[in-house]
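Report on the following structure.
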Amino acid sequence: MSAAEDNPLLEEFTRKEYEFGFTTDIASDKIPPGLNEEVIKLISAKKNEPEWMLEWRLDAFKVWQSMKEPEWAHVQYQKPDYQAISYYSAPKSAAPLGSLDEVDPELRATMDKLGISLEEQKRLSGVAVDFVMDSVSVATSFKEKLGELGIIFCSMSEAIQKHPDLVRQHLGTVVPVKDNFFSALNSAVFTDGSFCYIPKGARCPMELSTYFRINEAGTGQFERTLVVAEEGSYVSYLEGCTAPQRDENQLHAAVVELVAKDDAEIKYSTVQNWYPGDAQGKGGVFNFVTKRGICETRAKISWTQVETGSAVTWKYPSCILKGDGSTGEFYSVAVTNNAQQADTGTKMIHLGANTNSTIISKGISAGNSQNSYRGLVQIGPRARNARNFSQCDSLLMTDTSGAHTFPYIEAKNPTAQIEHEATTSRIGEDQIFYCLQRGLTEEQAIGLIVNGYAKEVLNKLPMEFAVEARKLLSISLEGSVG
Amino acid sequence: MLQIDNLHARIGDTEILKGLTLSMGAGEVHAIMGPNGSGKSTLASVLAGREEYEVTAGSITFDGVDLLELDATERAVAGIFLAFQYPVEIPGVSNINFLRSALNSIREQREEEPLSGKDFLAKVKACAQLVELDGKLRDRSVNEGFSGGEKKRNEIFQMAMLEPRLAVLDETDSGLDIDALRIVSHGVNSMRSAGRSFLVITHYQRLLDHIVPDHVHVLAGGRIVHSGGKELALELEDKGYDWIVDNPATEKA
């Protein structure tokens, strides 16, 4: 690696690896299970946080202690023992594997099918990445370009250190600490996440995604994300990854807050493929996420999600349409297979006049899974001429799976126009046979039919994400018709 | 090229084919006629490898290969095409994307290179012209919102694209007006060649005015009970099936 000596980029990269190496002493950096004020003080101290942050966490902890875990969702699971969880451990720092040959062959086969490049595969599975000039320079020039525009994109920990005023001004303003049991827990113990700030009038020239944060470690189970788009700005943010993500932490309770000021637009796309557990659902991730955005005048927030993983999903990315003329959108494909359970949907809260919302939800249930759409459309008394269109479709792959729809509509202004359409269908043996007769394999046939069904949502994803998401849908449902 | 011997098949507990024997040479067009419920569509489904139908006895050999050993996909790859009586709709999947996936899947399984975008589009253009399928229908979702006639033309369009060795047309004439019948028949006739055989299943002689068969068979009670040349179709149109079906002596004719 002599190239490193005369290339500053490579040098930087190498040094980062070295830093990483210093923190591998997991034993000394993990605190015992349990949650109390001392643990929260310890987390805050480890992260060298300012006093206000610690107080915020401690207040959240008090709130959380007074709350009960919600039970209204259409899911059944053994509630986690919150005192048996360790709330702080150093970033995952298992020794890098020497080569891809050491990676779980099943994982590799899936990644091959997804069309993930070898380089990317190495990164995802924790293989020491070769110093390929391209990937390093792309990430760096990307950061430079963002800097020129005044765009801040960094980890939440870094933001708390370097941009405390911005964080303090917005954190918890969209999802209040006391919003729900999991948001309170997250507020008390969040480990890391992303912070993104787009200044007035700036248009972020590329999709912001975790992809470019290649130097940063995994953000852990209590992720906290904050995106602030100032007046007239635009940003598209991608979260997650199509590759299967195995994690030893069973409970994931993330909070995502989006702030779209006047005339700003935020697109937030997620592909979620956490470990769903085995065929009986044993060992899968509990994904209890609170995601919400607030729109000021004429602002727009668009959520797009492809949910295929996790044993239990509890997730309702929502929009508060506070400003007049603001727009909220929710596009979702949720796939459940085997013993998976998903209760997901959205809330569109219309407060301002002439606000507009669109909900397109596509559920696909296979195996013995249960898939629920739960959505609230609320029109406030001052929301003159508010409009909503909702479409909730369910596709059943087996007669042992379930699809459920729980739509809630509350209209307090007589000028509101609300439309709700819902369908439930069973994947047709006839459709599959038609495809087989034309020379497609069963896997291809299901992929084609399911992707056609979910097309309206997939089309909303940024291009490169969409390609992988299509393949992911096919793979998630392999051999699942019955 | 196709040899069916003593074929017995059932769906659930109901035996539908009861000893069907049929032999077809390369390049030949055979018509299968017969009363409702005689097993015509079952024969088409069994040939295409539909799993709901269970073959309990007999054999089907296609180009020397035991067809019953192949699944539906493998039969398509071997060159068998079924034009469906009721083509299904696949919402959200464009006709063009569907065909490209099918064509390239077949090519891949035959260990051939995928067709380039340019060659594929040229082929689409030529085949669409054959059945006067306009651009809109090519880009719309598979069969979604198509009229009955458009669906059948789309079947023949797909057949032209996939160039099968054996095409089974299951009541392709049902629901067609005179113009659509002419267009569909023209498409089929243009594809007749020394290496390609057709099995045309129909209720009506009028289709056979357009697609002139080499042989006509009467299927009744799950067996071929009578065979003849193209003039047999005219005779059936005139006299109905009773004189054959009710008279066991003619069975071996």
Side-chain angles (χ1 to χ4, degrees), chain A residues 113 115 306 331 333 335 360-364 391 393-397 421-461 466-467 469-471 473-474 477-479 481-482, chain B residues 44-53 70-95 97-110 112 140-144 151 154-155 157-159 161-164 166-168 170:
Chain A
K113 280 187 187 170
V306 176
Y331 301 101
V333 178
V335 179
I360 308 281
S361 164
K362 303 271 183 178
I364 301 168
Q391 185 186 331
D393 295 329
S394 307
L395 185 69
L396 291 166
M397 310 287 290
E421 290 178 10
T423 66
T424 302
S425 51
R426 175 95 150 81
I427 193 164
E429 296 285 333
D430 286 346
Q431 284 177 326
I432 293 175
F433 180 66
Y434 191 80
C435 294
L436 299 183
Q437 208 301 305
R438 296 302 184 248
L440 295 165
T441 62
E442 181 163 301
E443 187 184 323
Q444 289 171 326
I446 291 170
L448 208 66
I449 294 166
V450 165
N451 278 298
Y453 166 76
K455 189 178 176 183
E456 285 166 277
V457 175
L458 297 174
N459 281 349
K460 297 290 174 186
L461 287 173
V467 173
R470 283 192 189 105
K471 291 181 188 155
L473 283 189
S474 314
L477 291 165
E478 235 168 58
V481 174
Chain B
S45 294
V46 169
L47 282 172
R50 189 152 193 159
E51 284 182 359
E52 289 94 315
Y53 295 89
L70 306 183
D71 65 25
T73 304
E74 290 164 339
R75 294 185 200 193
V77 173
I80 289 181
F81 180 91
L82 171 61
F84 286 76
Q85 184 179 359
Y86 304 110
V88 296
E89 299 181 359
I90 309 179
V93 178
S94 79
N95 225 357
N97 183 25
F98 175 70
L99 260 181
R100 186 154 194 209
S101 306
L103 194 65
N104 283 333
S105 172
I106 288 176
R107 290 177 75 96
E108 191 185 334
Q109 292 171 79
R110 286 177 182 161
E112 296 167 2
R140 285 228 305 257
S141 294
V142 178
N143 291 322
E144 197 181 38
K151 284 183 182 172
N154 194 28
E155 292 294 287
F157 166 60
Q158 293 183 22
M159 178 177 85
M161 288 293 297
L162 298 178
E163 300 178 277
L166 169 67
V168 181
D170 189 5

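Here is how names work: the chains are called A, B, and so on, in the same order as the sequence lines, proteins then strands, and each is numbered from 1. These numbers come from the heavy atoms of this one structure, side chains and all, not from hydrogens, waters or symmetry mates.
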Exercise for review: To the nearest 0.5 Å, tell me how far A:I449 CD1 sits from A:C435 SG.
Suggested key: 4.5 Å
Review point. Side chain, backbone, both or neither: which part of B:R50 has a non-hydrogen atom closer than 4.5 Å to chain A?
Key: both
Check your understanding: Near B:E51 CD, under 6.0 Å, is it more than 12 heavy atoms from other residues, nucleotides or ligands?
Key -> no
**Study point:** Part of B:P87 lying under 4.5 Å from any heavy atom of chain A
**Key:** both
Exercise for review: Please state whether the side chain, the backbone, both or neither of A:Y434 comes within less than 4.5 Å of a heavy atom of chain B.
Suggested key: both
Revision key, fill the gap. Looking only at heavy atoms, the pair that brings B:S141 and B:P91 closest together is OG-C, 4.0 Å
Revision key, fill the gap. Looking only at B:L103, B:I106, B:V142, most heavy-atom pairs under 4.5 Å shared with chain A are made by B:I106
Practice item. Tell me, with the steps shown, if A:L473 and A:L458 meet side-chain contact (heavy atoms from CB on, under 4.5 Å). Key: CA-CA 10 Å; A:L473 283 189; A:L458 297 174; 4.0 Å; yes
Check your understanding: What heavy-atom pair brings A:L440 and A:A445 nearest, and what distance separates the two atoms?
Key -> CB-N, 4.4 Å
Revision key, fill the gap. Heavy-atom closest pair (B:A72 atom, B:G49 atom, distance to 0.1 Å) is CB-O, 3.8 Å
Point to revise | Portion of B:L162 that has a non-hydrogen atom of chain A nearer than 4.5 angstrom | key: side chain
Exercise for review: Heavy-atom pairs under 4.5 Å with chain A are the metric here; pick the option from B:V93, B:T73, B:N104, B:D71 that has the most.
Suggested key: B:T73
Review point. To the nearest 0.5 Å, how far apart are CD1 in A:I427 and CD1 in A:I364?
Key: 8.5 Å
Review point. In Å and rounded to the nearest 0.5 Å, what is the CG to CD distance from A:L436 to A:E429?
Key: 9.5 Å
Exercise for review: Specify which of A:Q437, A:R438, A:K455 makes the most heavy-atom pairs with chain B at under 4.5 Å.
Suggested key: A:R438
**Study point:** Toward chain A, the part of B:I80 with a non-hydrogen atom under 4.5 Å
**Key:** both
Check your understanding: Heavy-atom distance under 4.5 Å to chain A: side chain of B:Q158, backbone, both or neither?
Key -> side chain
**Study point:** Per-residue contact mode, B:Q109 against chain A (heavy atom under 4.5 angstrom)
**Key:** side chain
Point to revise | Engaged part of A:Q444 at the chain B interface, taking heavy atoms whose separation is under 4.5 Å | key: side chain
